[in-house]
Structure formats: structure tokens, C-alpha cells
Amino acid sequence: MAVLDFKEIPEAHIATGHQDQFELFARDFLSFVGYEILTDPDRGADGGVDLIVQEKRTGVGGETLVKWLVSCKHKAHSGNSVKPTDDFNIRDRVEANECDGFIGFYSTLASTGLAGNLQGMEGKIETQVFDYEKIESNLLHSAKGLEIAERYFPQSLDNWKTNNPKPAQIFAEEPKLHCKVCEKELFEQEDKGIIQLWHKIRKDYVNETKRCEYVYWTCRGHCDDVLSHYIRQQRSDVIDGWEDISDVMMPTVFIKWVMSTFNELRDGVEYSDEAFENLKTFMLKVYPYICRHLTDSEQDRVKSLMQIPSYMGGLGYEN
């Protein structure tokens with residue numbers, strides 16, 4: 001699914017004072033990917049030339065300069081592809097402007113007919129097309145690209161950032177959380193793993209204080225099983241509970257988790273020194289990831305957790 005909505009850029013044929021935005025976007029994009037801008041967009045008859053840019057190619061034989069004629073077609077508002085009647089006499093225009101190649105910069109796609117025309121020019125002039133998918137893929141994979149995207153697609157980028165959260169820059173270094181067993185970086189995995197909390201088994205719930213002995217985090221599955229087996233071999237008087245780390249990384253769940261810990265401490269629940277240090281470490285590592293809005297999928301997840309009572313690990317049924 002496309003991230004950038006090109007309809008955020010005003011239509012080019014309607015005089016609103018912003019009809020040049022797509023050409024200006026093309027200029028900034030091509031400069032970003034490495035072209036030198038030789039002629040800027042301007043209003044009035046352009047003779048089939050929106051921009052002329054230059055590419056510097058470096059090889060064994062030295063440097064070669066390649067001039068490109070750029071044609072911008074903004075059809076996102078209609079959804080139509082760019083047809084041969086929209087971009088015609090391409091080779092004549094390239095040669096008339098003393099260029100070496102043609103760049104089609106389109107907010108939709110080149111039609112089959114236009115793509116065939118461009119293929120037929122192979123060996124005569126160089127051609128390439130930046131359609132909406134190529135443009136988007138270039139912009140979303142670097143900080144500079146995101147700056148340009150935010151300038152021309154503010155609403156799209158706002159939605160994208162909400163659903164692709166990055167950790168807040170709170171600490172000097174980016175937070176890392178390594179699996180206790182295999183030491184893989186859990187935050188970098190799609191499945192963030194689980195956090196295990198091991199409590200001492202109580203026989204007398206009235207007189208014995210609840211006590212947390214161990215707090216560890218691991219990959220889900222094999223590493224989880226390995227650690228559980230090891231602890232049970234060492235201690236027969238503890239029982240484990242666990243949470244999905246991806247759940248705890250949701251702002252709503254995290255704050256409930258923190259408040260539950262506060263309430264337990266006030267009620268006299270004890271932690272071993274190791275468990276308490278690990279719990280603090282975990283909260284500090286996760287915290288930069290929860291300083292944000294909920295993603296759309298997390299909002300759905302919170303709604304489902306609200307249907308599960310808190311004593312079963314959910315968020316619901318509390319007054």
C-alpha cells in the first residue's frame with residue numbers, strides 16, 4: 001500500500017498560486033538523488049521542458065556529463081496513467097535542447113503505449129521514468145528523503161510516522177535489549193520476544209509476602225524454553241509469568257504496567273536485587289519506544305485487551 005498521497009500536491013493545470021508545486025518537488029527530488037539542476041521550473045510555455053538536470057558519471061576513463069530533459073506529469077488527482085499524447089515528440093525535444101536523455105517524472109504510471117515508445121528509443125537516447133513507487137521508495141529510506149517528503153506530503157508523513165514509530169532521542173545511545181539466551185537484539189526483530197517474571201511459590205498467601213526472584217527477556221520459542229528449563233533446574237520453588245514485549249511497548253499497556261508495579265511495591269511485594277535491577281533496566285530500555293501516539297494496529301490491540309480481565313493479563317474489568 002502506497003504511503004505518499006500525491007494528491008497532497010496541488011494540480012498543475014489549476015491556477016491557485018501553487019500550480020508549480022509538482023515541478024518544484026521534482027527539482028528537489030532529483031537534486032536529492034544526485035542530479036545537478038541546470039534549469040529551474042518556471043511559468044509559461046516550456047516547450048516540453050520542465051527541468052534540465054545533469055548527471056556526473058565517474059569511470060576508469062574519467063568523468064562523463066550526461067544532460068537529461070525532465071518532463072513532469074502530475075495526474076494523481078485523476079488517477080490516469082501518462083499516455084503518448086501527454087508526452088510526445090520525446091526524442092525531438094531531447095535533441096532540440098541539446099540533452100542526452102529523457103526523464104519522465106510522473107505521479108502515476110507511464111501507460112503501456114508510452115512505455116513502448118520509450119523502449120523503442122533505446123540506442124538513440126537514454127530514457128528513464130520515476131513513477132510514484134520509485135519516488136516513494138527513494139524518499140522513505142533516508143533522513144534527507146523524509147525531510148523532502150514531509151515538505152510536500154505533510155499529512156502522509158504524519159500518518160506514516162505514527163504507524164512506523166522510532167525510539168525517542170532521550171538517551172545518548174539508541175536503546176538495545178539483548179535476548180538473555182542468544183543475545184540477539186530484540187528491538188530489531190519483528191517478534192520482540194517476551195519478558196519473564198519469576199515469582200516464589202507461596203503456600204501461605206496470608207503470611208508469606210509475594211516475591212519476584214527473576215526478571216529476564218528472551219526470544220519467543222526456543223530461547224524462552226531454554227531459559228525456563230534452566231531456571232526450573234536451579235529452583236523448584238518459583239513459577240513464571242510473562243508478557244509480550246511488543247505489548248509492553250504500547251504506551252497504554254506500558255503505563256498500566258508501571259502503575260501495577262508501583263501498586264505492588266506499595267502492597268509490600270518484594271523483589272530480589274537482581275530482579276529489581278533487571279526490571280528497571282527493562283523499563284528504561286522500552287521507555288523511548290512508548291513516547292509516541294498509538295499506531296492504528298496498536299489501537300485495535302488495546303481494544304481487544306480491554307475485553308480481557310486484568311487478572312488474565314488484559315486491561316479490562318477494573319473500576
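Throughout, numbering of the chain's residues begins at 1 and tracks the sequence. For clarity, every value in this text was computed on a predicted model and none was experimentally measured.
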In terms of hydrophobic clusters joined by side-chain contacts under 4.5 Å, are Leu30 and Leu69 together?
no

Under a 3.5 Å cutoff, is there a donor and acceptor pairing between the side chains of Gln234 and Tyr214?
no

Please check if the side chain of Asp158 supplies one atom and the backbone of Pro154 the other of a donor-acceptor pair under 3.5 Å.
no

Which atom of Asp247 lies closest to which atom of Val253, heavy atoms considered:
O-CB, 3.1 Å

Verify side-chain contact (heavy atoms from CB on, under 4.5 Å) between Gln128 and Ile103, making sure each step is shown before the conclusion.
CA-CA 5 Å; Gln128 60 177 315; Ile103 292 176; 3.7 Å; yes

Look at the rings of Phe105 and Phe29 and say which category their plane angle falls in: under 30° parallel, 30 to 60° tilted, over 60° perpendicular.
tilted

When you look at Trp217 and Ile245, which way does the side-chain contact (heavy atoms from CB on, under 4.5 Å) test go after all the steps?
CA-CA 8 Å; Trp217 40 89; Ile245 292 176; 4.0 Å; yes

Could you go through the salt bridge (Lys or Arg N to Asp or Glu O under 4.0 Å) check for Arg235 and Glu213 one step at a time?
CA-CA 10 Å; Arg235 297 276 300 265; Glu213 296 288 353; 3.6 Å; yes

Going by an N to O cut-off under 4.0 Å, is there a salt bridge joining Glu136 and Lys134?
no

Ring centroid separation Phe187 to Tyr289 under 6.0 Å:
yes

Is it true that Tyr106 and Asp87 share a donor-acceptor pair across their side chains at a distance under 3.5 Å?
yes

Looking only at heavy atoms, what is the nearest atom pair of Ala149 and Leu139, with distance?
CB-CD1, 4.2 Å

So, the side chain of Asp131 versus the backbone of Glu133: is there a donor-acceptor pair under 3.5 Å, distance only?
yes

Determine the interplanar angle of the Phe22 and Phe25 rings, folded into 0 to 90°, and report it as parallel if under 30°, tilted if 30 to 60°, perpendicular if over 60°.
tilted

Strictly distance-based, threshold 3.5 Å: is any side-chain N or O of Thr127 a donor or acceptor partner for the main-chain N or O of Phe102?
no

Kindly say whether Ser156 contributes a backbone atom to a donor-acceptor pair with the side chain of Glu8 at under 3.5 angstrom?
yes

In terms of hydrophobic clusters joined by side-chain contacts under 4.5 Å, are Ile195 and Val258 together?
yes

Spell out, yes or no, whether Leu140 and Phe32 are grouped together once hydrophobic residues are joined by side-chain heavy atoms under 4.5 Å, including indirect joins.
yes

If a pair satisfies side chain to side chain donor-acceptor pair (under 3.5 Å) and one of its residues is in residues 173-190, list it, with sequence neighbours excluded.
none

Any donor-acceptor pair under 3.5 Å from Ser31 side chain to Asp28 backbone:
no

Partner of Tyr271 under side chain to side chain donor-acceptor pair (under 3.5 Å), chosen from Glu264, Glu277, Arg211, Lys280:
Glu264

Using a strict 4.0 Å threshold on nitrogen-to-oxygen distance, state whether Lys56 and Glu36 make a salt bridge.
no

Answer yes or no: is there a donor N or O on one side and an acceptor on the other, between the side chain of Asp244 and the main chain of Ser246, under 3.5 Å?
no

Look at the side chain of Thr218 and the backbone N and O of Cys179, then say whether any donor-acceptor pair between them is shorter than 3.5 Å.
no

Would you please test Tyr216 and Leu197 for side-chain contact (heavy atoms from CB on, under 4.5 Å) and show each step?
CA-CA 7 Å; Tyr216 295 123; Leu197 297 95; over 6 Å; no

Might you work through the salt bridge (Lys or Arg N to Asp or Glu O under 4.0 Å) test for Lys67 and Asp100, ending with a clear yes or no?
CA-CA 5 Å; Lys67 287 176 64 178; Asp100 306 297; over 6 Å; no

Taking atom types as modelled and ignoring hydrogens, do the side chains of Trp68 and Gln54 form a donor-acceptor contact shorter than 3.5 angstrom?
no

Indicate the atoms forming the closest heavy-atom contact of Ile201 with Ser236, along with that distance.
CD1-O, 4.0 Å

Has the side chain of Ser111 got a donor or acceptor atom that lies under 3.5 Å from a matching backbone atom of Ser81?
no

Taking the six-membered ring for Trp, are Phe282 and Trp257 ring centroids under 6.0 Å apart?
yes

Membership question, hydrophobic clusters at under 4.5 Å side-chain separation (ILVMFWY): are Tyr35 and Ile52 in the same one?
no

With the threshold set at 4.0 Å, does a side-chain nitrogen-carboxylate oxygen contact exist between Glu126 and Arg57?
yes

Between Asp50 and Arg27, does at least one N-O distance fall below 4.0 Å, as a salt bridge requires?
no

Just checking, any donor-acceptor pair under 3.5 angstrom between side chains of Gln155 and Asp5?
no

Can you check ring pair (Phe, Tyr, Trp, His ring centres under 6.0 Å) on Tyr152 and Phe6, steps first, answer last?
CA-CA 9 Å; Tyr152 291 97; Phe6 278 77; over 10 Å; no

For the residue pair Lys285 and Pro175, what are the closest heavy atoms and their distance?
O-CB, 3.4 Å

Is Met259 linked to Leu265 within one hydrophobic cluster, defined over Ile, Leu, Val, Met, Phe, Trp and Tyr using a side-chain heavy-atom separation of less than 4.5 Å?
yes

Is the closest basic N to carboxylate O distance between Asp86 and Lys73 below 4.0 Å?
no

Lys/Arg-Asp/Glu bridge criterion (N-O < 4.0 Å) met for Asp267, Lys210:
no

After noting the C-alpha distance and the side-chain angles of Cys212 and Ser272, does the key distance pass the side-chain contact (heavy atoms from CB on, under 4.5 Å) rule?
CA-CA 6 Å; Cys212 181; Ser272 68; over 6 Å; no

